[in-house]
Structures are given as structure tokens and as C-alpha cells.
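To start, the structure under review is shown below, and the notes come after it.
Letters A, B, ... mirror the listed sequences (proteins, then strands); counts begin at 1.
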Amino acid sequence: MHSWKVVVAGEGGQGVQALAESLALAAFRGGFEALYIPNFGIEQRGGVSLAMVQISPKAIGAPKFLLADLVVALSARSISRTRQYRGANTIFIYDSSLVKAPEISDEVVGLQAYDTIAPEAFAERTAYHEEGPVKELRIARSIAIPAADMARRELHPRVFNMIILGAIVAVVKMVTLEQVKEALAEKLERRFKADPQLRELNFRALQLGYEQVAGPVHTAV
Amino acid sequence: MPQTARSEQRSFMTGNEVVARAALAAGAEYMFGYPITPQNEIMHYWRRLAPRYQRGFLQTEDELSAGFACLGAVLRGKIAFSATAGPGTVLFQEPLSMAEMMRLPVVVIVQQRGGPSTATVIYSQQEVTLTCFGGNGEGLRLVYSTSSHQELYDYTIKAFHQAWRYRFPTFVLGDGYQAKMREALFLYNPEDRGMGAVPARPLLGHKGSNGNGEPQLHLRNAFSVEEELAEILRKHLADFDEAAPYLEEHEFIGEPGANLLVVAHGIVGRAAREAVEELRREGKKVNFFRPLTLRPFPEKALQQALANSNRSMLVVESAQGQLGSLCRLASGHEALQRFDTFYRPGVGITTEEIREAVTL
Amino acid sequence: MSERSMPRCWNRESKPHRFCPGCGHGLVLKALGMAIDELDLAGRTVFACDIGCSLLAWDFFTFPSLQTHHGRTTPVMVGLKRADPDQIAVAYMGDGGGYAIGLQHLISAALRDDPITVILVNNTVYAMTGGQMAPTTLPGQKTETSPFGRDVDATGIPVKGPEMLKAVVHPEAYLARGTVAQVLKLKKAIQKGLEAQMAGHFSFIEALSTCPTNWRTSASATWAFLEKEMGDYYKVAELMH
Ligand SMILES: Cc1ncc(C[n+]2csc(CCOP(=O)(O)OP(=O)(O)O)c2C)c(N)n1
Ligand code: SF4
Ligand SMILES: [Mg+2]
């Protein structure tokens, strides 16, 4: 069976760490070996937030790696920041929206609010689209998802990271949407209880992102 | 008292939480701590969980105070510990020197960060020399270097047992990666695996709540003539040598006739193991050695492994030769065929990099 | 100069600064910058910051500066001043750095009347390390290491630094507590502290400050905590002999 080395990067406040952690937790619940490691440090204030996840049927070696099987960039800055992890076999998912990423606030709907490493939530923002579309010939496949646009148009701006997570699940395949939903429900238990609509919104965003990659999925509702 | 872990429970958590849970499971009674990244969450988890299990916590004014307070608690028979990193490990050397001299079984978890000085809060393997030999003495310490969350749990529990059994201050040497990453491990109650209670007992004081037979001692730490000190040290050193074979632990992968031995410890050991396993699958004759105890160092085992590897080694570490010098010392009198190094002070090392560093 | 513009001695290349939005450190450093501008001391000042969020100010000014160790900024500046009394020595630290790990240095420098200026930022927590209890954490205040609220029976009462130092300082030393809620008043206090240093005496200014990140407060709640809770316990004042 395949194993996956994943890099997720974005601006502080985009929920990068939470997203990566949920992916790893879902894989763990699915019976795989999983390892999640955040980058952390003083420079986090204002820096790109980056996380690494590995999923494997076997014991996992070093926590960090040079080349990823999947790179996910949630912001323009993180597209260049993750360049070093992309090789000939790398799949690359990035947000291709025309709108700016959502700002953080105390009432975030997506994942941003729950505890990631503290300073992350206060990173500075930069212009979102300084780099233009991604044309990289070296990599295996590039998947552009206008997640922020879709979230704004169809759901709520703040769940754009859930759309990305849905797309990741469709690529990685070792975890199912169900497992990711369970992982989210576990992490966000209190907030989901307080606001059942939040749960619905996050799950719909996941589904939307998944379908962007896998095509429409017909589930009995 | 509620049990600290459900038996054989597979869990997914950070290394800092693992340490806090291991200390609880081992029966640690008091933590004295001072904030420092990347170990803070050990303290946070302990602080939150401790009251539930009637365990104590005090945040002291600095690491000197945390270390010496541990000594005081240990003297009264309490299983006490602390956790620190970087500049905090430096400050711990003063209380730890006293612990060495007076054979006080204090346990300290070190989550290494970049140095020297404040440097980074992230990661390194630069606290090896400090942890093994940091005091103004002979390094009468027990040092475990872990490489996974399972080992972090197992050896944190073991550290308390060995510290009290052999009466040497004991370290669990982790690092920022281990502290902050999440992976799976089995939590368990030590009793379910046949481990008894940590053999803690009061070392000083009046007979009291701690039970019976407390010694009415006059403990001493200063000596007026050289010979007096020499005699005490001779005894401590003899105890250490005698205990060493029971304390030393290592991991070895390979067989006779290899061309090279790759040596790494801690988290780098994972990358090295993976690299060696890949190379072996490709038919390369490479062996792997990982000391689990850095003090006492598994000397005989390393020499045996070298004999099986054409007396050639490649030492890999996130420091500039701290493990390297331990290995050189332990490699014996016979000359080495090769002594290659891959040193990356303060920086993580990947499997890919080690593969490239191996030349056969 | 107005309260809004940047002090002349601020290093423009390192702006915008690195503190979180709503952090009080920037305001304390603004007060310091204005004081130095007004006394025209930029050509003589050496600024040393502790390890804590103050370390983020290592290139904050145009004049020479350095980061030291957590808690050790005071003795480093004592040494520098003794080596060259013409330098104006400013030691900048947090409440953990000054009142916990570095307290013996602070008291000893005060006892010796070392002519340096110590500026201590009281934000009631260890901010850089993620919000643990500090010597200044208020009774009942929740932090990472007082998750059920600070229990003063077990951990003692919050320290009042200038009041404590008053017992040991030289009569002409300068002691004060200011707040980032009143930057101009804080600037005035720092100015007097620098003047005391120039007259050959120790000076110490505690600044009440904000840490919305670790307090987990909104802008209005941050300000309310500073002015109400902190202000009630820690009185803004000059403590003269
Ligand atoms: C010897 C040592 N122990 C611990 C630390 C970790 N440390 C870094 S900053 C800090 C606390 C900072 O708190 P404070 O001084 O109040 O400053 P603030 O961040 O709140 O401004 C600590 C404990 C260190 N750097 N050195
Ligand atoms: S953590 Fe607190 S003290 Fe530090 S920069 Fe942010 S707001 Fe300021
Ligand atoms: Mg503080």
C-alpha cells in the first residue's frame, strides 16, 4: 500500500496546523501510522505557517523530509515557500481564488479558532495574489482549487480551508471523508455542540472540496 | 485513586503530553518547573492533570530553584521531577551537580533546542555533552535518549525506577521535534506490565507521614582534604561501573561482514534506521547502531557492532560531534578503518540526507 | 512631538514592529523613544533587551542594542556601565525576566545604586512562552500554569516591584510605575529615570502593559483589563523618598 508525505502551508490564521492535525488524526483513527509536526518558533509571528504530515501502513521514519508526495499551499506566499518540497512526483494543490483569504477574528467559523500553536493566529497578512497562476513543469500534477471564492459564493468565507481539506482527502485516499469528519467532530466537539450549523457548514465544505477533485459523489442523505 | 491510563490504550498525542502522562503513570508526585519552549506543555498538562491524582506542582522563580526544590522533595522521599531545555538545562547543572555528589534520584526531562545561548526554541541535539557531563564532576548520571513517543513513554517511566534503584540523577533526553510532533503510542499502567512501585523512600528528615525508618543523617557535601573526596568519588564511580551493564541499552540492526556502521541517537536515529533499512534492501552492506543510553554509553555493544562493520562508522547528529566524541571514546583501542561524520548542529536531518551521506 | 508620529530614534527599517496587534510593548518603546529624543540621548544610549517578548525589539532603535539572556539583562548593563560610564544604559525586560529569574540582579543593582535605567514591562504573564503565570499574575487570574485561577495561598501574592525596591534604593534613585494607557506620563517617568542615571543613580520604571494574545481578549476587553483589574492592583505612581 502507498504512503503519503504531505506539506501544508499558509498564512497564520488560515488554520494550517489544525487542518494538518485533523488529517493525521483521521489517518490514525483509520488504523494507519500517522505523524504530524508543526513548524514553530519565534519567527512564526508574521511568517508562513507550515505543517508536515506522514501517513503510512508501516512505522514512520524521520519526522521531516526533503520531498513531498503532496504539497498544499493556501496562500501566495506559501506557494514559493513550499517550492523546495516539490519534485517530479509531487502533486500540488493550491488555492487559486481571486479573492483574498479570510481575515482572522474571534468568531471564526472554520477551524481557525481552536488551539493551534499560539502565535500562529497573529501572523501578518500580505497581498494574496502576488505571484499569479502556478506553472510548474517539474511536478506530477497541479490542482487549482478556487477555495476562497467557492467558500464565499456557496458557503461561508471562513470554511475555505475545509474545501482544501476535502480536496486533500480525494487525493490521499488513505483516509475517508467520514474519518476526517469524525476527526473534526472530535477536535471541535464543544463548538459543534454549541452550534450544530457549524458542523453542517464544515462538512459541506469538505464535501465540496472532495468533489472538486473526485467528481460528484452521490450519497444518500 | 483513579488509574492514570486505561490498560493498553492506543493514543495519538504530542510528545510533551506523553511525558506528562508517563510521569503520572510512573507515580511521580511533584513537579517543579519553569517555563521554557519547547517543553512548556509538559508543565501545562501536568498542572491540569495533577490535582485529579493528588500530585503537586510548583512553578518556581527559575531553573536553579526548580532543580534544588526537586532535591529537597527527593530528600523527603517524594518522586520529584522537572522538565527543561537549552539555557534552562545550563542552569540545571548546579542542582544536578549536588544530586550527583549526594546521589539524589531526581529526574529531568530535557527537550533539546538550538544553542548556544537562547538560539532557537525549535530543535537540536546539542545538549548531549551538557546532559551527560555538565556538572563540575564526573558525569555520574543516567541519560536516556528516546526516538519515538513510545520510547518517550517507556523510558520516562523507567527513568523514575532506575533513578531510585541506583540513586543517580536521571535524564530523559528528547528534543523539540519529539516535544511538538504527534504520533501514536500505547499508554499503559506500569503495574499491568508487572512493574512495581518506584522504590522511593525518605533520605533525610524525621519520621513522619512517609513511613518508617527515616535516617537521622547529617548529609555532607563539602570535604576538607583531597583524600576524603577521593574516597567518596571512588565509591560513586565504582557503583556507576558496577551498575553500567544493567543500565546500558542500545538498538542494533545488521550482521557480520558489513562495510559501514551508521550511528545516530534520538530522533535522528529514526532517519538513520530508515536510511539503513532502505540501503540494505538494495543489497548494501550497512549496519545500524543507536545508543539508547548515552550515559552510561553502551561501549561493549558499540565495539561488537564495529567488529561486524569493518571498524568503519558514520556518525550522524544534529550537533557538531557531541555524539561523535562519545563514539570515538567508546570505540576501543584498536584503530578505526573509517570515521565519517554528518554533523548538522541545530538542524533536523532527513532520511534522504543520510542516504546520500553513506559512501561505501 | 505628537503622540502619533514615530520617535526619531526608532529604526524605520525594522518597522512595522514584530509585536502582535494590540500589544503594549510597542507603546512602552514609543515612550522610551520619545524620552530619548527629548533628552537628545540617542548618540549615547545602549539598549539591551531580555529574553521574553522584549527580544523582538533587538533592532528597534537606531542606537546600539543587544539581546541578552532571560533574566540577565540587568547585570550585563551593570558591567557595560562600569566599563564606560558615558554610555546611557537601558535594560528592558518583562515581569518574568525582572521579578522571577532576574530578581536577585534587580535588587542587587538597586542596592548598589548602579546608574542604569531598568524598564520592566508588566503584562501579568510569561508571554513569549505561551502565557504561564508570572510573579505579577493577579489573584484568580487564569494562565497556562494557573488554569483554575491564581491561588495566592499556594503561590503567594502578586509582586509590586517599585514598592519592593523602595526599601533598598538610594534616596536619589528614581522609582515609578506607569501604564501604556497613559503614554505621555510614562514617557515623563522614563525621562526622569534617564536623568537619575545621568546624575549617577539607579532608576526603575515598571510599565503596565497588554498581551491580548495570551489574555485571549478582544480589543475592548484588553483595555478594560489593563485599566480596571491591573490598575486597581498596581497603582500608577512615582515612589520617591
Ligand atoms: C534560563 C531560561 N529559562 C527560561 C527561558 C524561557 N523563556 C523565554 S521568555 C520567558 C518568559 C518571558 O516572560 P516575561 O519576562 O514576562 O516577558 P514577556 O514575554 O511577558 O514580555 C521564558 C521563561 C529562557 N529563555 N532562559
Ligand atoms: S505575545 Fe503578548 S506580549 Fe508578546 S508580542 Fe504578543 S501581545 Fe505582545
Ligand atoms: Mg511578562
Q. For chain A, which residues of residues 274-291 of chain B have at least one non-hydrogen atom nearer than 4.5 Å to it?
A.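 Those residues of residues 274-291 of chain B which have a heavy atom under 4.5 Å from chain A are B:Glu274.
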**Q.** Neighbourhood of chain A inside residues 349-360 of chain B, taking heavy atoms under 4.5 Å as contact
**A.**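 Counting heavy atoms that sit under 4.5 Å from chain A, the residues of residues 349-360 of chain B involved are B:Ile349, B:Thr350, B:Thr351, B:Glu352, B:Glu353.
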Working to the nearest 0.5 Å, report the span between [atom1] of [X] and [atom2] of [Y].
X	Y	atom1	atom2	value
A:Asn39	B:Lys180	CG	NZ	11.0 Å
A:Ile37	B:Tyr123	CD1	OH	9.5 Å
B:Phe12	A:Glu21	CZ	CD	7.0 Å

Q.
Would you say that A:Lys64 contacts B:Val347 through its side chain, given a criterion of any heavy-atom pair below 4.5 Å between the two side chains?
A.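 Side chain of A:Lys64 against side chain of B:Val347, heavy atoms only: no contact under 4.5 Å found.
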**Q.** Within-4.5 Å side-chain heavy-atom neighbours: A:Phe28 and B:Arg10
**A.**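 Yes, at least one pair of side-chain atoms sits under 4.5 Å.
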Q | Closest non-hydrogen atom pair between B:Arg270 and A:Ile60, with its separation | A |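 Closest pair (atom of B:Arg270, atom of A:Ile60, distance): NH2-O, 2.9 Å.
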**Q.** Nearest heavy-atom neighbours spanning B:Met181 and A:Pro63
**A.**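 The answer is SD-CB, 3.8 Å.
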Q: Mind ranking B:Ser11, B:Pro38, B:Gly176, B:Gly348 by heavy-atom pairs under 4.5 Å with chain A and telling me who comes out on top?
A: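 Most heavy-atom pairs under 4.5 Å with chain A: B:Ser11.
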